[in-house]
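By convention in this document, chain letters (A, B, ...) are assigned in the order of the sequence lines, proteins followed by strands, and residues within each chain are numbered from 1. These figures come from a predicted structure and were not determined experimentally.
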Number of protein chains: 2
Amino acid sequence: MSDARGLFDHIKHGDIDELADAIGELLQNPITIEDADHRLIAYSSHGDITDQARWSTIMGRRVPERVLTRLWKDGVFQQLLTQADPVHIPAKDEVGLGKRVAIAIRRGDEVLGYIWAQELNRPITRQDDETLRQAARAAVTRLLQRQGKRKAEEQRRKEFFWELLLGNHQSETAILQKAETLHLELQAPYLVCIIDSDKSQLEQVLYPLLMRDRIIWGKDGNQLIMLLSNGPLQPKDAKDKNGLLSYAESFWQEVSDKLYERFPDQRETFSFGYGRPCQAFMESRRSYQEAMLVLQVKRLFPKEVEKINGYHDLGIYRFLLTLKKWNNSESYQNERLRTLESYDRDNQTNLLETLETFLDTTGKVNQTAQSLHIHINTLSYRLRRIEEIMGISLDDPNQRTAIYLELKLRKLI
Amino acid sequence: MSDARGLFDHIKHGDIDELADAIGELLQNPITIEDADHRLIAYSSHGDITDQARWSTIMGRRVPERVLTRLWKDGVFQQLLTQADPVHIPAKDEVGLGKRVAIAIRRGDEVLGYIWAQELNRPITRQDDETLRQAARAAVTRLLQRQGKRKAEEQRRKEFFWELLLGNHQSETAILQKAETLHLELQAPYLVCIIDSDKSQLEQVLYPLLMRDRIIWGKDGNQLIMLLSNGPLQPKDAKDKNGLLSYAESFWQEVSDKLYERFPDQRETFSFGYGRPCQAFMESRRSYQEAMLVLQVKRLFPKEVEKINGYHDLGIYRFLLTLKKWNNSESYQNERLRTLESYDRDNQTNLLETLETFLDTTGKVNQTAQSLHIHINTLSYRLRRIEEIMGISLDDPNQRTAIYLELKLRKLI
DNA sequence: ATTTGATTTGTGGATTTTCACAAATGGGAG
DNA sequence: CTCCCATTTGTGAAAATCCACAAATCAAAT
């Protein structure tokens, strides 16, 4: 096969689309070239009938998510990433993928992209492997160029993303303009959400999800930060915002499932939080900080906010830290709770725990008694004692609310 | 009576006690000299049997409060303040006051003090009036001297008082030393309380109360500010603090009664607030600011904190202003309450009011229904709707508490 | 050892809450 | 006008709460 040397030399200076056409002609089959992120770069244009997967890829300028997921699951990418030779892939009808052959375009250890050859007109055999190897080699320079441009743009995007989150922007129109030049599609309403974990490189696991339309993301240490959008706002009514909130929840559901699949033993080491929805892009700072607060609260009150991901759902935990700081600055301590606590200490009783349980069930004596494993009359006696010792009435909503808050505040150091 | 001129000239340079003795000898009766604040200055020392009022005055170095109150009520002081002649006062046995004659010591319009002559050994007649007039004249210079000293000290006390409240003090011992030099008896535990009104000169009405032992007071505009103490701390247990709190309440009760007596139609124009008890005198700043906060909250939530005077009793209102500020700085609004509000607007319903009433009764459906004049099932239906529309469960103590707080927060502009 | 006082548990009955279901009301859209 | 839908009121039964009173338990003090 020494005559194969220089097979694609004649298009050395041509467009990468010409390369695709040239390979297609040699193999007599439809060709697709993608970059490392599975974005479409070029495709042969013979108008052949093609399969669903290729069609979607060309139309969406990107390989569909379910196809990617499937190929990862089947280990195809693992092969492509580790070997220099073409990989022959059987048809996967469920995802609309016909039989094909793929090869990674690589320089050294780095994978720059892929060439896909669908087996439509004739089978692709071992004899064609060398053709594909040469094609991959011929694509390298062009992908490198492209990657250079992409990397620069990626860098600028990254900077823009952090400007958005840290709120260094001057005006809304300035943001929109800049986004345009960076080919970023900003869509309102949106919100900022964060996935927090002790794993680095988490984005690799979640790649298919992150690559979705309408997600703009970045990372900071072990945190993945995302701008999530539901699609453009229908000017119907405010329900769209709720839609966005439930979209965030279902997104976390998907992420969570994927993570559980990958790390079956440690679902609890991942944490998710998101801020309130925004209309304008100058608000992203707020939403980001809200998401951060959610994560902070989750670290401080793991049990209490276990099922809460959204800032809007934090309830009292939204401002508990603020309150704590203020109390500290005023060196305030609730005298009554202290009294009750020292009573407990002196008399080996559990009145404080009783009180908290009572308040945690919004005053349902039945539930409280059950949860404490005591007789209901014991509870009623204790509640009477608590009222006596603290000198308050548990029927007073003001005192009751205050006590509830201060009980929770006590858990902060 | 021209020979009476110079009656007391021989003791011109003597002690004021000599003057009292000289008058006593002339009138053959016990004499007492007081300053304008009814503090004892001098008394004749013949060891005569005397009445309860004089005995208490000498022992306490000050006229007892109930005697003062009675004399004000009977118009005796009004006479003394307006006329230069002696006033003959019948016995008032209920307050232990025997029959006596009094004259004001005055320079121009200003009253510097009083001379009291009890009618014990012989009646005091109109013939003695000139003696008393001369005695009063003879006392002027001595009282002026005394007043001069007192005024200077009063000024320094005033400064010290505000240093205490504004917290400019370096150390606890420095405070105690300074208090000592100013003849101020600081006693712990104590607290700072404030009477607020739209009346100026309120201290005149409350003079007897303010002149009590253990009250150190000052004024700022229409506010009377007081350091209140229960007496020295018995090192028994923490109950002393509660004692101080209830002392503050009973003090307000007395003040309130007195004010109601004087201004029967406008009890509501007076307001009272006090901070938490202090042990150290460096804490007075805190207690003062707490008292101020109570008054501020009372202006903002007149109904809600109507019966609350103590900072420790404020409940959620203790930090509601802080929260409001924080919410504003975060430009936060509870989306759910807004949703409910706009539902009310669109459908002419009262769900927001229903919700608030429900929370104001700590979730007692009976009371809520009664207070809203609706059927209990109507209430239960509304509550279900509220949960649907807001997307929360009223059984969740976290959400419930948060909503309660934010409902109250809404009332701040 | 006895007493005292605080705490827990038990019993029973009046009252309140909860829930399901049905009927009446009343306003707005077709 | 009727129909539809949200709201209000009514009825009844099961469950939960509240209250008063009594008995049992237990630890600390005398």
* To do: Go through B:Tyr343 and B:Leu351 one step at a time and tell me if the side-chain contact (heavy atoms from CB on, under 4.5 Å) criterion holds.
  => CA-CA 8 Å; B:Tyr343 187 90; B:Leu351 296 186; 3.7 Å; yes

* When you look at A:Glu356 and A:Lys411, which way does the salt bridge (Lys or Arg N to Asp or Glu O under 4.0 Å) test go after all the steps? -> CA-CA 12 Å; A:Glu356 181 158 13; A:Lys411 311 209 158 164; 2.8 Å; yes

* To do: Determine, step by step, whether A:Glu387 and A:Leu383 satisfy the side-chain contact (heavy atoms from CB on, under 4.5 Å) criterion, reporting the C-alpha distance in whole Å, the side-chain angles of both residues, the deciding distance to 0.1 Å, and the verdict.
  => CA-CA 6 Å; A:Glu387 289 187 326; A:Leu383 291 176; 5.7 Å; no

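A:Glu185 CD: 12 or fewer foreign heavy atoms inside a 6.0 Å radius.
Comparing A:Gly363 and B:Tyr343, the nucleotide of DNA chain D nearest to each residue sits closer to the 5' end for B:Tyr343.
Ring pair B:Trp252/B:Phe272 is parallel by interplanar angle, where below 30° counts as parallel and above 60° as perpendicular. The aromatic rings of A:Phe281 and A:Tyr190 lie parallel to each other, with less than 30° between the two planes, well short of the 60° mark.
The pair A:Glu290-A:Arg286 counts as a salt bridge, with a side-chain nitrogen and a carboxylate oxygen less than 4.0 angstrom apart. Using a 4.0 Å cut-off between charged nitrogen and carboxylate oxygen, A:Lys303 and A:Glu306 do not count as a salt-bridge pair.
If you measure from atom CG of B:Asp395 to atom C1' of C:dC19, you get 14 Å, rounded to the nearest angstrom.
Under the side chain to side chain donor-acceptor pair (under 3.5 Å) criterion, B:Arg336 pairs with A:Asp313, sequence neighbours left out. Residues meeting the side chain to side chain donor-acceptor pair (under 3.5 Å) test with A:Arg384, sequence neighbours left out: none.
Non-hydrogen atoms lying under 4.0 Å from DNA chain C are contributed by B:Val365, B:Asn366, B:Asn377, all within residues 365-385 of chain B. Scanning residues 351-358 of chain A for heavy-atom distances under 4.0 Å to DNA chain C yields an empty list.
Side chains of A:Asp257 and A:Gln253: a donor-acceptor N/O pair is present below 3.5 angstrom, by distance only.
Using a 4.0 Å cutoff to heavy atoms of chain B, the contacted part of DNA chain D runs 5' to 3' from D:dA6 to D:dT11.
In this structure, the helix from C:dA1-D:dT30 to C:dG30-D:dC1 shows an angle of 30° between the axis at its start and the axis at its end, each fitted on 5 base pairs and rounded to 10°.
When B:Thr354, B:Asn350, B:Thr349 are each tested for a side-chain hydrogen bond (donor to acceptor under 3.5 Å, both in side chains) with B:Arg382, only one passes: B:Thr354.
Here the side chains of A:Glu341 and A:Asp344 are not in contact, with every heavy-atom distance at 4.5 Å or above.
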